[in-house]
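A short worksheet on the structure shown next.
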Protein chains: 2
Amino acid sequence: MAQGETEGPVGGSAVVSSAATGKDGGAAHEVLAVVFQIRQNRLSVLLWCRALPPFEGCWALPGGRLGATEGLGESVRRQLAQKVDVRDLSHLEQLETRGEPGRHPGGRTLATAYLGLVPAGIDPVVPHDTAWHPAAELPCMAFDHAAIVGSARRRLRAKLSYTNIGFALAPPEFTMSELSRYYRAALGHDVAATNLRRVLLRRGQIEETGRSVPSGRSGGRPAALFRFRTRSLEITDAFAVLRPPQG
Amino acid sequence: MAQGETEGPVGGSAVVSSAATGKDGGAAHEVLAVVFQIRQNRLSVLLWCRALPPFEGCWALPGGRLGATEGLGESVRRQLAQKVDVRDLSHLEQLETRGEPGRHPGGRTLATAYLGLVPAGIDPVVPHDTAWHPAAELPCMAFDHAAIVGSARRRLRAKLSYTNIGFALAPPEFTMSELSRYYRAALGHDVAATNLRRVLLRRGQIEETGRSVPSGRSGGRPAALFRFRTRSLEITDAFAVLRPPQG
DNA sequence: TCAAAAGTGTTTTTCGTACACCCATGA
DNA sequence: TCATGGGTGTACGAAAAACACTTTTGA
């Protein structure tokens, strides 16, 4: 329903695109968002199901036509808020722009894709035709959207290694074993909480809140609560290799 | 002269943009190229001087309007070949797309920027209004092009640390002291040839050709010639940090 | 034989992982 | 007091920078 509006620019764009690809050289331009959240220890992406051709029944990234007076990032935030009711983005960054002439059956359409992150633990209300899917098991995907999700996964994975982008995956406060599960889900491999703690502490990414969480029914030492020191993107380990002399 | 054609899309776009930003929502789309080459031990960027307002007398990145049937990368290569006669790109990759409504005084224009590299040692013939400028001392720059050059520098610098992108800066064969000068120019800090040699050899990026260069008039041991093992982009050191267990 | 430039051996440092061990809690 | 999960101390290995030393050439 909310997505019906997206049908125009994404699906039924024969009229629009013929105008847009006319002799003035302009092409239709849309923005797309790969919104990730860790849900049940899996990296998940927000998709909506197309009701009309092309790609009827397949899943697509949320997004839509770029407005005449808005910036690209601005447009992504607007469309996520309007169409899938997501307003809790902890991070948003541009991924890539795709413009192959054949990428869109309905006519020439350029798409600028963004990577958006929602912290774990919250559950935004989304429309009925919209759902979270594990990024590792994508359903039938429309257009080139599967490839775009792949780009987003690689970007997130890389940035976890040299920035503090974990702040955007984690809730405001967390235990180290929780955080290591988020990292495991996003990286796709095991992450030992004990070492993650020291790495992120040494890099100054996280700090103790002083509080702790009582141990569960099966006992165990209470877990200390941590938070990220800053909640905006910073490069914390600019490269272990080829660094300037004198450390 | 060759750049005069670029005046249309970049400068005198009042008519075009009014059509492009009309109620169909399309906007003008251009591609831009940040073409780097190491020249006289300095990282240099190819710019052309604007003859007409806006930004008359300032320098701009080469590029122009995206054609109706061409892909983005394809368009960059075409425009570089046609307008500045550069056909020797050793590497080309997409950087970012800028679409702030106010970025272009003549009307709404989206720009997708690319990073292009030309190997050191060749000297492409460029039009008379086009020149190489040190990336560290940019002249008066049109639009947001100075910021785009900054993005390109950061991208190149980062990729030198974990990919084999040096292949695109160096000529087919080179001595280690030459290569260390290219790295120094691109990274902005000293790079010891002796360590660079071992790092790149360990990573399998370079190999000896078996030949060597006779020493100069002041003597010295002849330098061995090296080449990059592959001349397409590869990630050679996927991350020293947060790597999967079992090394 | 000396200066200059290239190349090698070795040391030091940093960083991340692995692993053993200790701590705090609930039943 | 025992199982359970959290936290600390330490060892190990990889990788890069620093630096002393050797090699190979021209004059």
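A, B, ... follow the sequence lines: proteins, then strands. Residue 1 opens every chain.
Residue B:Leu225 contributes atom CG, which lies 12 Å from atom P of C:dA6 at whole-angstrom precision. Counting to the nearest Å, the P atom of C:dA6 and the CE atom of B:Met176 are 11 Å from each other. Going from atom CZ of B:Arg202 over to atom P of C:dG9 covers 14 Å, rounded to whole Å. Going from atom CG of A:Leu201 over to atom P of D:dT8 covers 9 Å, rounded to whole Å. Atom CG of B:Leu179 and atom P of C:dG7 are 12 Å apart (whole Å). Distance, B:Leu196 CG to D:dA15 C1': 14 Å, rounded to whole Å. With rounding to whole Å, B:Arg197 atom CZ is found 18 Å from D:dA15 atom C1'.
Using a 4.0 Å heavy-atom cutoff across all strands shown, B:Arg198 reaches at least one base atom of the nucleic acid. When heavy atoms are screened at a 4.0 angstrom cut-off, B:Ala224 is found touching the sugar-phosphate backbone but no base atom. Residue contacts shown for A:Thr175 are absent, as no nucleic acid heavy atom lies under 4.0 Å away.
Partner B:Lys159 forms a side-chain contact (heavy atoms from CB on, under 4.5 Å) with one of B:Ile165, B:Ile235, B:Asn164 and no other, that one being B:Ile165. When each of A:Leu115, A:Leu138, A:Leu32, A:Leu95 is tested with A:Val149 by the rule side-chain contact (heavy atoms from CB on, under 4.5 Å), just one qualifies, namely A:Leu138.
Between A:Ser180 and A:Val191, the shortest heavy-atom distance links the atoms CB-O, 3.6 Å.
Projected onto DNA chain C by closest heavy-atom contact, B:Glu178 and B:Asn195 fall at different nucleotides, the more 5' of which corresponds to B:Glu178. Two residues, A:Ala192 and A:Pro222, neighbour DNA chain C, and the one matched to the more 5' nucleotide by heavy-atom proximity is A:Ala192.
Not a single donor-acceptor pair under 3.5 Å links the side chain of B:Arg98 to the backbone N or O of B:Ala111.
Of the residues in residues 208-218 of chain A, those with a non-hydrogen atom less than 4.0 angstrom from any atom of DNA chain C are A:Ser215, A:Gly216, A:Arg217.
Dashed line: the shortest gap from a side-chain N or O of A:Arg203 to OP1 or OP2 of C:dG16 is under 4.0 Å.
In this pair, A:Phe228 and A:Phe167 present their aromatic rings perpendicular. The plane angle is above 60°, beyond the 30 to 60° band.
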